[in-house]
Engineer: 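Dropping the structure in here first, questions after.
Per chain, numbering begins at 1; letters A, B, ... match sequence-line order. Because the structure is a prediction, the values reported are computed rather than measured.
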Number of protein chains: 2
Amino acid sequence: METRRDHDPASSAEEKFAEYLALRGKRLSRAQRELVRYIFSYHDHFTATKLIDDIRAKGMKISRATVYRTLARLVDAGLLRTHRFEDQVAYEHQYGYPEHDHLYCRNCGKIVEFTAPQLAELREHVAREHRFRAQSHRFIITGLCESCALQQARRRKVDFI
Amino acid sequence: METRRDHDPASSAEEKFAEYLALRGKRLSRAQRELVRYIFSYHDHFTATKLIDDIRAKGMKISRATVYRTLARLVDAGLLRTHRFEDQVAYEHQYGYPEHDHLYCRNCGKIVEFTAPQLAELREHVAREHRFRAQSHRFIITGLCESCALQQARRRKVDFI
DNA sequence: TTTAGTGCAAAAGATTTGCATCTCG
DNA sequence: CGAGATGCAAATCTTTTGCACTAAA
């Protein structure tokens, strides 16, 4: 998957992180390096739990505690951002990734990204009206994805029998 | 504020709930009735934990488990809605209370409600585009309220000295 | 060498669940 | 009476922490 060493997201995120750590006298350990490489080798939303399962499946040996500690640092470093959905905290790339909003399936947890330029305007308008200085926003549409909606419709029919 | 007995939120919510239960052969127990009355006797955001503390302080004897079970039903009945604020799950009235969104001050935690009809349209539009069945949405504008923005500007000047 | 990082297991918190026992309808 | 509801405690689940040990720089 990953071939070009110089400009792929994984290595530039790693550099950014190393910089962040160096600046505060922290060290970049083997575990942290492996995690950053793994996390930035593809773009997707993930939960801490899922990440732990994934890296274990890949054979990496990093403890639960270290994963949580590293995620917290990556957030603090501005490389990751957390999102709280209904019943899960998801992480997503912050560094080098455009702003977007989300659709969240309440049934299967699927997350779909979308962008809606109108939101930025609306946000400024509302903020001005309330004398707020807006810094960011979050728009989440919760509901059912196509397959879960169908599945639920089916289940409902069965219930009626 | 609200004095007329017939139409106060607490009793109409109770009726709604009784209806919901009856429709599915469930019973309205003493515990559930007390909870609904308490919850709808005022409008505010609350967490399950806070509710449990509050009712205990009022001398009501209802177990933790029953509170959770009742909250789940109230959500299912469409009387309550859950929201994730910060790192806690908050409940708020859904029944008889207009949909709204929030401005959140990152500095002092102040929450201001606002309504923006355009969001409903936008939500339907986006959902349709992604074949989602939207059930609700959440739009949060994060930033600084007026006083925190001023305060911060002041602090910055000091930092420069 | 020295201090930060790691793993482990125990702790925390919030919510859920199994089960014997009440209670509504 | 019989299906539900309740309370209690134990069980879950995710995330955090204390501590002795290991390893970056």
Engineer: Can a side-chain donor-acceptor contact be found between A:Gln118 and B:His125 if the only test is distance below 3.5 angstrom?
Structural biologist: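 Absent: no donor and acceptor within the cut-off.
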Engineer: What integer distance in Å separates A:Gln32:CD from D:dA25:C1'?
Structural biologist: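 Distance, rounded to whole Å: 14 Å.
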Engineer: So, do A:Arg24 and A:Asp76 sit near enough that their side-chain heavy atoms are less than 4.5 Å apart?
Structural biologist: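 A:Arg24 vs A:Asp76: side chains touch.
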Engineer: May I ask you to decide whether A:Glu124 forms a salt bridge with A:Arg128, counting only side-chain N to carboxylate O separations under 4.0 Å?
Structural biologist: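 No, this pair does not count.
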Engineer: Taking CD from A:Gln88 and P from D:dT14, how many angstroms apart are they, rounded to a whole number?
Structural biologist: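 About 10 Å, once rounded to whole Å.
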Engineer: Could you tell me the separation between the CZ atom of B:Arg33 and the C1' atom of C:dG25, rounded to a whole number of Å?
Structural biologist: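 After rounding, the reported distance stands at 12 Å.
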Engineer: Check DNA chain D against residues 51-62 of chain A and give the residues with a non-hydrogen atom under 4.0 Å, in numerical order.
Structural biologist: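 The stretch gives none, as no residue of it lies under 4.0 Å from the strand.
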Engineer: If we fit an axis to the first five pairs and another to the last five of the helix from C:dT1-D:dA25 to C:dG25-D:dC1, what angle do they make, to the nearest 10°?
Structural biologist: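 The two end axes of the helix from C:dT1-D:dA25 to C:dG25-D:dC1 meet at 30°.
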Engineer: Side-chain N or O of B:Tyr68 less than 4.0 angstrom from OP1 or OP2 on C:dT15?
Structural biologist: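 Yes, because at least one side-chain N or O of B:Tyr68 sits under 4.0 Å from OP1 or OP2 of C:dT15.
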Engineer: Base, sugar-phosphate alone, or nothing: which one does B:Arg73 contact when heavy atoms must sit under 4.0 Å apart?
Structural biologist: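 Answer is sugar-phosphate: B:Arg73 comes under 4.0 Å of backbone atoms only.
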Engineer: Would you say the side chain of B:Leu80 lies within less than 4.5 Å of the side chain of B:Phe40, judging by non-hydrogen atoms?
Structural biologist: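 Side-chain contact under 4.5 Å: yes.
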Engineer: A:His45 and A:Glu113: side-chain hydrogen bond (donor to acceptor under 3.5 Å, both in side chains), yes or no, with the steps?
Structural biologist: CA-CA 10 Å; A:His45 296 268; A:Glu113 298 180 357; 2.9 Å; yes
Engineer: Can you give me the closest heavy-atom contact between A:His130 and B:Val112, atom names plus distance?
Structural biologist: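 For A:His130 and B:Val112, the tightest heavy-atom pair comes out as ND1-CG1, 3.8 Å.
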Engineer: When you measure from the side chain of A:Arg27, which nucleotide among D:dG7, D:dA24, C:dT6 comes out closest?
Structural biologist: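 Comparing D:dG7, D:dA24, C:dT6 against the side chain of A:Arg27, the answer is D:dA24.
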Engineer: Is there a side-chain contact between B:His93 and B:Ile39 in this structure, where contact means two heavy atoms from C-beta onward sitting under 4.5 Å apart?
Structural biologist: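 Result yes, sub-4.5 Å side-chain heavy-atom pair found.
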Engineer: Send over the distance from B:Phe17 CZ to D:dG4 P, rounded to a whole Å.
Structural biologist: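 About 15 Å, once rounded to whole Å.
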Engineer: Atom CZ of B:Arg24 to atom P of D:dA5: distance rounded to whole Å?
Structural biologist: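 The distance from CZ of B:Arg24 to P of D:dA5 comes to 12 Å, rounded to the nearest Å.
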Engineer: Considering just the side-chain nitrogens and oxygens of B:Ser29, establish if one lies under 4.0 Å of OP1 or OP2 belonging to D:dG4.
Structural biologist: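 For B:Ser29, the contact criterion (side-chain N or O under 4.0 Å from OP1 or OP2 of D:dG4) is not met.
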Engineer: Using whole Å, report how far OH of B:Tyr20 lies from C1' of D:dG4.
Structural biologist: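 Atom-to-atom, B:Tyr20 to D:dG4, this comes out as 14 Å.
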Engineer: Between B:Thr49 and C:dT15, does any side-chain N or O lie under 4.0 Å from OP1 or OP2?
Structural biologist: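 Answer is yes, contact under 4.0 Å.
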Engineer: Measuring only between side-chain heavy atoms, which start at C-beta, is B:Leu71 closer than 4.5 Å to B:Leu51?
Structural biologist: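 Counting from C-beta outward, B:Leu71 and B:Leu51 do come under 4.5 Å.
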Engineer: Less than 4.5 Å apart, any side-chain heavy atom of B:Gln32 and any of B:Arg73?
Structural biologist: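 Contact flag for B:Gln32/B:Arg73 side chains = yes.
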Engineer: Give one of base, sugar-phosphate or nothing for B:Ala31, where a contact means two heavy atoms less than 4.0 Å apart.
Structural biologist: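 The answer is sugar-phosphate, as B:Ala31 gets under 4.0 Å only of primed atoms, P, OP1 or OP2.
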Engineer: Nearest to the side chain of A:Lys26, heavy atoms from C-beta on, is which of C:dT15, C:dT6, C:dA4?
Structural biologist: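 In terms of side-chain proximity for A:Lys26, the closest of C:dT15, C:dT6, C:dA4 is C:dA4.
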Engineer: Take the protein atom CG of B:Leu23 and the nucleotide atom P of C:dG25, then report the distance between them rounded to whole Å.
Structural biologist: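 Interatomic distance, CG of B:Leu23 to P of C:dG25: 15 Å.
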Engineer: Would you say the side chain of A:Arg69 and the base of D:dT16 hold a donor-acceptor pair, judged only by whether the two atoms sit under 3.5 Å apart?
Structural biologist: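 When only heavy-atom distances are counted, A:Arg69 does not reach the base of D:dT16 through any donor-acceptor pair under 3.5 Å.
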Engineer: How many Å lie between CZ on A:Arg64 and P on C:dA11, as a whole number?
Structural biologist: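 Rounded to whole Å, this separation is 17 Å.
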Engineer: Would you say the side chain of B:Tyr91 lies within less than 4.5 Å of the side chain of B:Leu74, judging by non-hydrogen atoms?
Structural biologist: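 Contact flag for B:Leu74/B:Tyr91 side chains = no.
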Engineer: Would you mind telling me which of D:dT17, C:dT6, D:dA25 lies closest to the side-chain atoms of A:Ala65?
Structural biologist: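 Closest nucleotide to the A:Ala65 side chain: D:dT17.
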Engineer: Would you say a side-chain N or O of A:Ser63 is under 4.0 Å from OP1 or OP2 of C:dG7?
Structural biologist: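 For C:dG7, OP1/OP2 do have a side-chain N/O of A:Ser63 under 4.0 Å.
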